[in-house]
Amino acid sequence: MSFFLQFMIDVLSLGGAYALMALGLVIVYGILRLVNFAYGELIMVAGYTMYLTSGSGLPWLVMAAVAVLMAMLAGIATDYVAFRPVRAKSVTAVLITSFAFSTLLQNAALLFISPRPRNVPLPEIFSETVQFAGVITPARNLITIATAVVMLALFSWLMRRTVLGIAMRAAATNFTMARMLGVPANLVISSAFAISGLLAGVVSMLWIGRIGAVVPGIGLEPLLIAFIATVIGGMRSLQGAVLGGFLLAFMDTTLNFTLPQDLLKFRDAFTFSLVILILLWRPQGLIKGPASGQRT
Amino acid sequence: MLEVAGLQVAYGAIRAVRDVSLTLAEGELVTLLGANGAGKSSTLMCVAGALPAAAGSIRLEGKDVTSARPETMARSGVATVPETRDVFPDLTVDENLQLGAYTRRNDSRGVAEDRARMLEMFPVLAERYGQPAGTLSGGEQQMLVIARAMMSRPRILLLDEPSLGLAPTIVDRIFEMIATLKDSGLTILLVEQNASKALAVADRAYVMRLGRIEAEGTAAEIAAATDLRALYLAG
Amino acid sequence: MVKNLTTIAILSGLILVMVGVTNLLGVRLFDRIAINLCIALVLVLGLQVFMGNSGILSFAHIGFMGIGAYTTAVLTIPIRMKGMSLPDLYPIVAGIELSPYVAILLGGLVAAAVAAAVSYPLMRLSDAAAVITSFALLVVLHTVMTHWSEVTNGPRTLFGLPRATDLNLAAGAAILAVVAAVAFKESRTGLLLRSSRDDEVAAGAMGAHIPRLRWQAFILSALFAGIGGALWGHFITSFSPKAFFLKETFVILGMLVIGGANTVTGAVFGAIIVTVTFESLRALEAGINQAKIFSEQVVGLTEIVLALAMIAVLVLRPGGLFATHEIGALIRRRVRKKKDG
Ligand SMILES: Nc1ncnc2c1ncn2[C@@H]1O[C@H](COP(=O)(O)OP(=O)(O)OP(=O)(O)O)[C@@H](O)[C@H]1O
Ligand SMILES: [Mg+2]
């Protein structure tokens, strides 16, 4: 029983983080049909903001809020630098510019901060453990679960109950029609990037909470995770992204428990082969998104 | 109110609209007729801002709006019902209507009133209120699209083949409704395959062929002068 | 035909001139830069063969470079050194020690064979699915290289490759790559593939079996990558899997995009421009670091410049410097104009 509980906590906390990562990638992909390769760097930006403000003496929550805000700004900047100027030209061009922007941000961190890990302030509670029902688990796992629940609820409220959210969902199926109803394209796209940054920023706090430090390459793993989760969940479905995140976490956790050590190191090779197989089987991902529309 | 002069629209090398000039006076219902592929939809979508103009000009109340963005056109009071019957399939009927009022989202009282009015006008929509629009039948979707367009309280309504593929009784309903809208003072540009029905409600008409305006006049003149059957058989 | 020969002649001439000048100068540093450039040419031309003709972005290219490098390493590291550099190597291959020249070719062939085996189904995909799968393929290859300790020494540096790549060999390979890239582009496969790039439906209607065409290009592309990787291995003599991942992908992609992916000329000029800029900036970085102007080491400047250049090119000149015409065609047109005028 307590093993089961332990397992569930592991899956849910990992899955919560994965789901938020995937959602941040899909919100942009769904609307623009374009992959943002610089997504991982939004997580990096939030991390370095924490490091840079660590000496300020501000309460942790304030620093975290500033960090999330910076990730949102970085998201909007991605739109202006990498997407907007080439969006109409070609899919390949956008992939390359977002890849270039990702390299740009990473190397800016290398150049202006340091190639070495930098410590990030964490509240006490992140390093504490909690014991209940015969389970010992880091408090941060429970915080991650709670945060994921709150964020998913907030996100769902935003997409279902606000005009902007409804407009974004509409734009994801038929951008031109949404525009003909007066929904400004640029507002929708910038909002998508801002939300993407918001999710990345929050994930960053949780993700960095596991390691307590930030390095320029920190965004790669979340990007890869978001890729897999979205491919599993269906590349254009918001619910699919969340589901994909939890499924991936379930798979990872199960493999961690069952795979022998010398095969475990090949885990990424297995999961990514799985990604390729899924895409071959269903290029739209496992869960079909909304009926297809055209790109802008 | 709307003046289109020397309009050209191209898809890559294909020139779909070669030379179209037409005007719409305030409160007028003008119909644009022509065979398949004549360029009617392209003209309409270009006026709506969804396609760029290759040449020519579009003026709305004297202001140049050639190749304006679709959202700008919507904000200036142009509502569009495209041929492709574009409901947002996974948004509910209600959400579709709500988006129709996007340009006046601050006037929540007015929006609520209009929504009630639309649901009264289209009782089916009231029944399907919380259902995803993709689950509606073709006719119901068409009604939703028209209702959604009306939610913005447009000054000009662009309608592209509202009767396409619908059962005769529903077609009649839709034309009744168009007549009602016209009586309420709305300016309408109606593209139709069903020429006799369109001419029956329209004030004036234009006939397009191969991307050009071939004939224009009052609805009665066009109905008398043109062999409507030939209009659609000839390419 | 004549214009293709002109293109080949000009591009190979460029490489030969570079070799000549480098040999005349006899500076070790320039020798190193020139060899690096020639190897980069092989890699970029390989990527051009696939991306330029099919129009599909591939991230997996550098993974095949890694396959070439590790293949030649296993086959050429002297038997008495293998115990040290690859202690867990399978006995069947542990006793092999081939000439590097043979092994370099085999490196290319193994990369091509792996590409042929895994990539066929991937060639059906377009757009985002194609890009994500190629990205996933790169991650798979990288993970295997990092953890297959028996063959790659795991994440640790593998050392002991004989140094076999000199400027002449590298330049020869680069010239062959130019010839092959032009020949492929003008071949029937290349022509059909290019028409599918511009209009997939129309090319399909012409009877082109697009996945197979893409597959052929992909295999050829991997062959180049494998040979490029093997050449690099015998130049650098020790490396780790880190050398075959995103950073290198970015550089090679940058060269192709800046030069112009659709033309062989673009690939060549892109490689030259980026290499020269990179080396200058590296020298600058090294200078700054030596002078200890800043307390920390200056790193990352080169990548920042390359990233900005790529974005600028894609915004201002989406096709790159040579977007549609090869240099041969451009020059012949100019000559003809002069004659007429
Ligand atoms: N997206 C497109 N790409 C290429 N050509 C197009 C496109 N849309 C329309 N065309 C071409 O432009 C011409 C005019 O099309 P348009 O849809 O405006 O005609 P229409 O008069 O509305 O015809 P219908 O009565 O069948 O709706 C046609 O020849 C059509 O093939
Ligand atoms: Mg039409």
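As the structure is a prediction and not an experimental result, all values here were calculated from the model. Numbered from 1 within each chain, the chains take letters A, B, ... in sequence-line order.
With values rounded to the nearest 0.5 angstrom, A:Ser273 atom OG is found 8.5 Å from C:Leu137 atom CG. Within the model, atoms CG of A:Leu104 and CD of C:Glu303 stand 10.5 Å from one another, a figure rounded to the nearest 0.5 Å. Atom CD of A:Gln106 sits about 10.0 Å away from atom CZ of C:Phe250, to the nearest 0.5 Å.
The only member of A:Val35, A:Leu95, A:Leu224 that meets side chain to side chain contact (heavy atoms under 4.5 Å, CB included) when paired with C:Phe135 is A:Leu224.
The environment of CZ in C:Arg212 is sparse: at most 12 heavy-atom neighbours from other residues, nucleotides or ligands sit within 6.0 Å. Around the CE atom of A:Met70, the shell of radius 6.0 Å holds no more than 12 heavy atoms that belong to other residues, nucleotides or ligands. With a 6.0 Å radius and a threshold of 12 heavy atoms from other residues, nucleotides or ligands, A:Phe250 has its CZ atom at or below the threshold.
Of the listed residues C:Gly55, C:Ala136, C:Ala129, the one with more heavy-atom pairs under 4.5 angstrom with chain A than any other is C:Ala136. Of the listed residues (A:Thr92, A:Asp268, A:Thr103), the greatest number of heavy-atom pairs within a distance under 4.5 Å of chain C belongs to A:Thr103. Per-residue heavy-atom pair counts under 4.5 Å with chain C were compared for A:Ile228, A:Leu110, A:Ile278, and the maximum is reached by A:Leu110.
Residue C:Pro121 touches chain A through both its backbone and its side chain, counting heavy-atom pairs closer than 4.5 Å. In this structure, the portions of C:Leu246 lying under 4.5 Å from any heavy atom of chain A include both its backbone and its side chain. Heavy-atom distances place both the backbone and the side chain of C:Ile311 under 4.5 Å from chain A. For C:Val299, the parts lying under 4.5 angstrom from a heavy atom of chain A are both the backbone and the side chain. With a threshold of 4.5 angstrom between heavy atoms, C:Leu125 approaches chain A through side-chain atoms but not through N, CA, C or O. Heavy-atom distances place no part of A:Leu274 under 4.5 Å from chain C, backbone and side chain included. Contacts between C:Val315 and chain A at a heavy-atom distance below 4.5 Å involve backbone atoms as well as side-chain atoms. The contact between C:Leu122 and chain A is made by backbone and side chain atoms together, counting heavy-atom distances below 4.5 Å. Contact annotation for A:Phe37: only side-chain heavy atoms (C-beta onward) come within less than 4.5 Å of a heavy atom of chain C. Only the side chain of A:Arg116 comes within contact range of chain C, with heavy atoms under 4.5 Å apart.
For the pair A:Phe272/C:Thr143, no side-chain contact is recorded, criterion being any heavy-atom separation below 4.5 Å from C-beta on. Looking only at side-chain heavy atoms (C-beta outward), C:Thr133 and A:Val275 stay at 4.5 Å or farther from each other. With a 4.5 Å cut-off on side-chain heavy atoms, A:Leu280 and C:Arg124 count as touching. Two residues are said to be in side-chain contact when any heavy atoms from C-beta on lie closer than 4.5 Å; A:Ile96 and C:Met310 meet this criterion. The closest side-chain heavy-atom distance from C:Thr249 to A:Phe99 is below 4.5 Å.
Between C:His147 and A:Lys265, the shortest heavy-atom distance links the atoms CD2-O, 3.2 Å. Across every non-hydrogen atom of C:Val144 and A:Ala269, the tightest pair is CG2-CB, 4.4 Å. Nearest heavy atom pair, residue A:Ala100 against residue C:Ala307, reads O-CB, 3.4 Å.
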Output, in order, the C-alpha distance, side-chain angles, deciding distance and verdict of side chain to side chain contact (heavy atoms under 4.5 Å, CB included) for A:Leu220 and C:Phe245.
-> CA-CA 12 Å; A:Leu220 179 62; C:Phe245 207 34; 3.6 Å; yes

